[in-house]
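Working notes, beginning with the structure itself.
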Amino acid sequence: MSEIVTLKENRQFHLLYRRGKCLVSSTVVIYVLKNKYNNLRYGITTGKKIGNAVKRSRSRRVIRAAFAQLNPSLKRGYDIVFVARGKTPFVKSTVVKEEMEKLFAKANLFSE
RNA sequence: CGAGUAGAUUGGACAGUUGCGGUUGAAUUUUGAAAAAAAUCAUCCGAGGAAAGUCCGGGCCCCAUAGAGCAGAACAACGGCUAACGGCCGCCGAGGGUGACCUUAGGGAAAGUGCAACAGAAAAUAACCGCCGUUAUCGGUAAGGAUGGAAAGGUGAGGUAAGAGCUCACCGUGGAUAUGGAGACAUAUCUGACGUGUAAACCCUGUUCGGAGCAACACCGUGGUAGGAUUAAUCGCUUGCUCGGCGUAUCCUUUGGAGGUGGCAUUGAGCAGUAGUGGCAACACUCUGCCAAGAUAGAUAACUGUCCACGACAGAACCCGGCUUAUAGAUUUAGUCGCAUA
RNA sequence: CGAGGUGUAGCGCAGUUUGGUAGCGCACAUCGUUCGGGACGAUGGGGCCGCAGGUUCAAGUCCUGUCACCUCGA
C-alpha cells in the first residue's frame, strides 16, 4: 500500500520530459510514463519562474495534498511528474484536485 | 485638537476532522544469536523579525607556522562597551531644523609628487596691463584689471610719492600660557602675519589582519584501480582430451568514486523576568525559572465553522553577534511646535 | 557554500586606467542617385550612462550601499 517512491534524480526527470505523455491544465502540468516496477513513483518540479521560496514550497504542498487524496484510486506501475505553474500557489488544493482528476481520466490512469 | 520627532512591542485568533517531520518511551508486534532495525500506539515539540542579501566579525575545524619585516587590504576626532568587529553607547567639532531632534569616511596640504578643462593678465617662483618716483635704463608696489568653484586673510578707518597688517577696531586662522575636563575640546590673555583647492589622486602617520571553509573535517565503504597469495574446488578462452597459461572467482593489503554515519541541535558569548546592584548609556555582575525545530530533494498542509483591522514582506540547512535590504497594519512610551480655553 | 564579471541609443559594443566634448557599426527619418527597388553618397534625430546617496568647482569615470542578469568551482 505505502510503496510510493519519490523521484529524486535529474536523469529520471529528463526521461519523463522526453518520453512521457504531457497533459496541461491551468494550474498543473503532468508527465506520465510507464515504468518497469510494480509501484507508483512521482516527483514534483517547482521552477524559479513560480516565485520565491515561500511560493515554491506552497506549490509543492498543494500538489502533494491533492495527489494524496487521489493516490489510492490510481493504477500501479507508472511514473508521474507534476510541474507547478504560476497560478498554483494562489489556489486551494480542491481546485488542483479537480483539475488533476480530469487529467488522470484523460490519461486513463484510474483503476476501475 | 492638529502637525511633527525619537524609540519599544507585535506580525491574525479560536474550535473540530484528516494528514506530515522529529524527540522520548523497561509499551505492543515482526525480523534477528545479540546489538539493533521496521511498523503501530502514546507523549511532547515543530520557521522569522528579517530565517533573505552574504557586507563585516567570531566560535568550531583542517592546513601551514623559529622570529621579524615587505607588499596588499580595511579602518581613522575623543572616551568607553564587547569574545570580536567596519558594530553599539556617550561626548566633542562641523552642518541642517522655530523646536523635539537629525546628518556626519571627521588624522596630515608648513614631508614630497601630481592635477586644476573652459574662461581669465595670472591657478601659484605674482610674468603682464596699471599706479608712483626717476626718465633710454632702473627701482618701489599689490589699491584696480569683464573671468572663475577658488585670486594671495575679510570689512571699515588712518596712513603714503603710490601703496602695503604699515597702524588701529571687529572677525577668521596658526602658536604659546593659564583655567576647566578622563580626553577630544572649550574659555580667557598674549603673540605671529597667516602661500587657493583636491588626500573617496599618489602618498605620509597610527591601529588591525597567516590561509581555507560544515560540500570543512572524521569514520564505514558492495563495485573499480594497483600489488601479493592460492590452483584444492567452480566457470569461460587457448585445442578434440589432459597438463600448463590467461581471465573470472576466493583471501589479504592499498586507494577511496557512488552511497551512508557522525559533525548536527537540550548546555550555548543560550532564552525569559515590570527582579536586584553599578553605570548618563551601550553593557557588566547577581538571583529565579526554562531546555524550546533539526530535515537531507528537504517536514506546517487540506477542509469546515466563528470574529475582526480581511492578514504585508517572506521559509531554518553548522551555530552565534552586528550591518544592509523588503515589510499591510496594530498597540504603546517620552519630548517638541502651533491654535484654543482655564 | 564560495569566487568573479556585466548593466551606456531599438540591437551589438567603445569610452571608466589618468574626472571636464558621450561616441562607433547596424537599424530609423529626410534628401540625392535609378524607369523603380536594393546597394551607394550626404544630412539628421534618438541617451535620467541599472538605482540611491556621498567626495569634488565638476562624476559614465572616484567611494559606499543596493537591484537585476550571467559565468565558474566544490
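Worth knowing before you read on, the calculation uses all heavy atoms, side chains too, and leaves out hydrogens, waters and symmetry mates. Chain letters run A, B, ... following the sequence lines, proteins first, then strands; residues in each count from 1.
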Nearest-angstrom distance, [atom1] atom, [N] to [M]:
{"N": "B:C320", "M": "B:G49", "atom1": "P", "result": "11 Å"}
{"N": "B:G108", "M": "B:U198", "atom1": "P", "result": "11 Å"}
{"N": "B:G335", "M": "B:C102", "atom1": "C1'", "result": "15 Å"}
{"N": "B:C285", "M": "B:A84", "atom1": "P", "result": "13 Å"}
{"N": "C:U8", "M": "C:G4", "atom1": "P", "result": "23 Å"}
{"N": "B:G48", "M": "B:A317", "atom1": "P", "result": "13 Å"}
{"N": "B:U167", "M": "B:U160", "atom1": "C1'", "result": "12 Å"}
{"N": "C:G23", "M": "C:G47", "atom1": "C1'", "result": "12 Å"}

**Asked** Is there a side-chain contact between A:Leu33 and A:Lys21, using heavy atoms and a 4.5 Å cut-off?
**Response** no
For [N], measure the glycosidic angle (O4'-C1'-N9-C4 for a purine, O4'-C1'-N1-C2 for a pyrimidine) and name it syn if it falls within 90° of 0, otherwise anti.
{"N": "B:A193", "answer": "anti"}
{"N": "B:G335", "answer": "syn"}
{"N": "B:G165", "answer": "syn"}
{"N": "B:A212", "answer": "anti"}
{"N": "B:G49", "answer": "syn"}

**Complete:** Correct closest heavy-atom pair for A:Arg85 and A:Ser25 would be NH1-O, 2.7 Å
**Message:** For A:Lys55 versus A:Phe90, what's the shortest heavy-atom pair and its separation?
**Reply:** CE-CZ, 4.0 Å
Mate of [N] where both pairing distances stay under 3.5 Å, Watson-Crick or G-U:
{"N": "B:U9", "value": "B:A330"}
{"N": "B:A275", "value": "B:U286"}
{"N": "B:A317", "value": "none"}
{"N": "B:A186", "value": "B:U179"}
{"N": "C:C26", "value": "C:G10"}
{"N": "C:C62", "value": "C:G54"}
{"N": "B:A200", "value": "none"}
{"N": "C:G41", "value": "C:C31"}

**Item:** Donor-acceptor pair, side chain of A:Thr88 and main chain of A:Thr27, under 3.5 angstrom
**Value:** yes
**Asked** Going only through I, L, V, M, F, W and Y residues with side-chain contacts under 4.5 Å, is there a path from A:Val24 to A:Val81?
**Response** yes
Find the distance [X]:[atom1] to [N]:[atom2] and express it as a whole number of Å.
{"X": "A:Phe90", "N": "B:A314", "atom1": "CZ", "atom2": "P", "answer": "11 Å"}
{"X": "A:Arg61", "N": "B:G46", "atom1": "CZ", "atom2": "C1'", "answer": "12 Å"}
{"X": "A:Ile63", "N": "B:A299", "atom1": "CD1", "atom2": "P", "answer": "13 Å"}
{"X": "A:Arg56", "N": "B:A317", "atom1": "CZ", "atom2": "P", "answer": "14 Å"}
{"X": "A:Lys55", "N": "B:A52", "atom1": "NZ", "atom2": "P", "answer": "18 Å"}

**Nucleotide of B:A299, B:G315, B:A302 approaching A:Arg60 most closely (side-chain heavy atoms)** = B:A299
**Request:** May I ask you to verify if any side-chain N or O of A:Arg64 is less than 4.0 angstrom from the OP1 or OP2 atom of B:A297?
**Result:** no
**Asked** Between A:Phe82 and A:Phe104, what is the ring plane arrangement, given parallel below 30°, perpendicular above 60°, and tilted in between?
**Response** perpendicular
**Request:** Among A:Thr45, A:Val83, A:Asp79, find the residue that satisfies the side-chain contact (heavy atoms from CB on, under 4.5 Å) test when tested with A:Tyr31.
**Result:** A:Val83
